[in-house]
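Per chain, numbering begins at 1; letters A, B, ... match sequence-line order.
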Amino acid sequence: MTLDFKHRSYFSEQLLAWYRRGNRDLPWRRSRDPYHIWVSEVMLQQTRVETVIPYYHRFLERFPTIEALADAPEDDVLKLWEGLGYYSRARNLQAAVREVKERYGSVVPDTPEDISTLKGVGPYTSGAILSIAYNKPVPAVDGNVMRVLSRFFLIEDDIMKPATRKVMEKLACELIPEGAAGDFNQALMEFGALVCTPRSPHCMTCPVMEHCAARLEGMEQELPVKKKAKPPRPERRLAALIEGTGEQEGKVLIRQRPQEGLLARMWELPHGLAGDSAGQEDEALAIGELHEAMRRDGLSITQVQPYMSAEHTFSHIHWDMQVYRCRLAAGGDLPDLLPYHYRWVGLAELEQYALPNVFVRIFRKYFKDMPAS
DNA sequence: AAATCGGGGGT
DNA sequence: ACCCCAGATTT
């Protein structure tokens, strides 16, 4: 299965040389600060390089040091993470940074044992920080690396299995050239991102094509083997865009989600799950469902009018959301029952709240339609 | 082992 | 429409 020792050193040397011959000028490659490397690696989890770059700059401008992030309000951190997704990354990062400040004197640990205890630092991120920031000879196996190794060494194990990642880590560890862990690990990832791409890999310009086992077998398109993910389950959601009157004229009602779970601690329009099929085409029925959904959260609404629809796909859920403009019923106070907590906000105040993108889109249209406020 | 946890870009 | 992305954590 695994190629002999000669091919391994060939692979490592060629890839390292390819990387050192020229690589992308990425912002985090301009820093030697382990904290900066750390921030970049957390942002890069399941997220493309081009997406991360503006977030990386904004985040480090606001939190340039471990102390700055440790001492910041959680809401500020979440706001800077807005739109990046997987928001527990932000909370875990801040918790971990606080741990480093208190326990390690604001010095990022340089051993696998210590760094792996930090929240949000798993096998990949641990290896990435240790190798890139400290040049420690440990593997950093992400999706790129598994794809590259599965092809060059013709490994047909399902990369979705945790056991396969262990095999890859062992191999990747043995491939690290003496004293060049940081560059080599980045070379593997850079190579996966630019040459050995998921579909239609660029074999004609590949520096190791000559001895690529998958290529020699005509298997490069079939690797890596990866079991298909389940499609996201559909959910119909009914949202209330509640417009303030009197003292709250020009404002709308938003609420903060619970501490745990989906979109934890993000702000949103009040909304609820609708029944499967009923009300799909019947507007009156849908409005009835909205009233019921809002009543469950302690909100009594009136003057309901259809406004827009919006879709949002998570990894495991697909929201088909219908938004209705409405008012709070006379005498209707804001509910103070958990888990939500409500607030009236105008356009200017809204800028301070971290909102999932689907609601950002809704509000962008709403305040464009209603310039009067 | 399977589910949870975002969002966007490429094909 | 589907796939994947510099994954981690919980069940």
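In the model, A/Asp75 has no side-chain atom that pairs as donor or acceptor with a side-chain atom of A/Tyr353 under 3.5 Å. Judged by distance alone, the side chains of A/Glu67 and A/Ser106 do bring a donor and an acceptor atom under 3.5 Å apart.
Note on A/Pro123: only backbone sugar-phosphate atoms sit closer than 4.0 angstrom, heavy atoms only; bases stay farther off. When heavy atoms are screened at a 4.0 angstrom cut-off, A/Val49 is found touching base atoms of the nucleic acid. Counting non-hydrogen atoms under 4.0 angstrom, A/Lys161 reaches nothing in the nucleic acid. Among the atoms of the strands shown, none is found under 4.0 Å from any heavy atom of A/Gly192. Within 4.0 Å of A/Arg24, counting heavy atoms only, lies at least one base atom of the nucleic acid. Counting any heavy atom pair closer than 4.0 Å across all strands shown, A/Ile317 reaches no nucleic acid atom.
The gap from the P atom of B/dT11 to that of C/dA6 amounts to 13 Å, rounded to the nearest Å. Going from the C1' atom of C/dT9 to that of B/dG8 covers 23 Å, rounded to whole Å. For the C1' atoms, the distance from B/dC5 to C/dC5 is 15 Å, rounded to whole Å. A gap of 15 Å separates the P atoms of C/dT11 and B/dG6, to the nearest Å.
Nearest nucleotide to the A/Gln46 side chain, out of C/dA6, C/dC5, B/dC5: C/dC5. Relative to the side chain of A/Leu26, the nucleotides C/dA6, C/dA8, B/dG7 differ in distance, and C/dA6 lies closest. Taking the side chain of A/Pro356 as heavy atoms from C-beta on, and the options B/dA1, C/dC5, B/dG7, the nearest nucleotide is B/dG7. Proximity note for A/Thr125 (side chain, C-beta onward) versus B/dG6, C/dA8, B/dA2: the nearest is C/dA8. In the set C/dC4, B/dC5, B/dA1, C/dC4 carries the atom at the smallest distance from any side-chain atom of A/Pro198. Counting only heavy atoms from C-beta on, A/Gln45 has its side chain closest to C/dA8 among B/dT4, B/dA2, C/dA8. Set against C/dA8, B/dG7, C/dA6, the side chain of A/His312 has B/dG7 as its closest nucleotide.
Contact check, A/Asn357 against B/dG7: no side-chain N or O comes under 4.0 Å of OP1 or OP2. One finds a side-chain N or O of A/Lys230 lying less than 4.0 angstrom from the OP1 or OP2 phosphate oxygen of B/dA3. An OP1 or OP2 oxygen of B/dA2 is reached within less than 4.0 angstrom by a side-chain nitrogen or oxygen of A/Lys227. Remark: A/Tyr86 is not in phosphate contact with B/dT4, judged by side-chain N or O atoms under 4.0 Å from OP1 or OP2. Side-chain nitrogen and oxygen atoms of A/Arg147 include at least one within less than 4.0 Å of the OP1 or OP2 phosphate oxygen of C/dC5. A/His316 has a side-chain polar atom (N or O) that falls below the 4.0 Å cut-off from OP1 or OP2 of B/dC5.
Ranked by how close their nearest DNA chain B nucleotide is to the 5' end, A/Ala163 and A/Gly261 are led by A/Ala163. Comparing A/Arg29 and A/Ser116 against DNA chain C, the residue whose closest nucleotide sits nearer the 5' end is A/Arg29. Looking at which nucleotide of DNA chain B each of A/Ser200 and A/Phe314 is closest to, the 5′-most match is held by A/Phe314. Comparing A/Gly122 and A/Arg48 by the nucleotide of DNA chain C that holds the closest heavy atom to each, the one mapping nearer the 5' end is A/Arg48.
When rounded to the nearest whole Å, the span between CE of A/Met160 and P of B/dT4 equals 13 Å. One atom, NE2 of A/His318, and another, P of C/dA1, lie 9 Å apart when rounded to the nearest Å. The distance from atom CD1 of A/Ile53 to atom P of B/dG7 is 20 Å, rounded to the nearest whole Å. For A/Leu44 and C/dC5, the CG to P distance is 13 Å, given to the nearest whole Å. Atom-to-atom, CE of A/Met43 to C1' of B/dG7 comes out at 14 Å; the value is rounded to the nearest Å. If you take CG of A/Leu93 and C1' of C/dG7, they are 14 Å apart, rounded to a whole angstrom. One atom, OH of A/Tyr87, and another, C1' of B/dT4, lie 16 Å apart when rounded to the nearest Å. Protein atom CZ of A/Phe191 is 14 Å distant from nucleotide atom P of C/dA6, rounded to whole Å.
In this model, a side-chain donor or acceptor of A/Thr47 finds a partner on the base of B/dG6 within 3.5 Å. Residue side chain A/Ser315 reaches the base of B/dG6 through a donor-acceptor N/O pair under 3.5 Å, judged by distance alone. Side-chain N/O atoms of A/Tyr124 and base N/O atoms of C/dG7 include no donor-acceptor pair closer than 3.5 Å.
Ring centroids of A/Tyr307 and A/Tyr324 are separated by 6.0 Å or more, keeping the two rings apart. The six-membered or imidazole ring of A/Phe11 lies near that of A/Phe153, with a centre-to-centre distance under 6.0 Å. A/Trp319 and A/Phe314 have their aromatic ring centers within a separation under 6.0 angstrom.
The base-pairing partner of B/dG6, taking Watson-Crick or G-U wobble contacts with both distances under 3.5 Å, does not exist among the strands shown.
In this structure, A/Arg255 is positioned above the aromatic face of A/Tyr340, its NZ or CZ under 6.0 Å from the six-membered ring centre and within 45° of the axis.
Each of A/Leu93, A/Leu84, A/Val49 was scored for a side chain to side chain contact (heavy atoms under 4.5 Å, CB included) with A/Met43, with one residue passing: A/Leu84.
Formation of a donor-acceptor pair under 3.5 Å by the A/Arg236 side chain with backbone atoms of A/Gly275 is found in this model.
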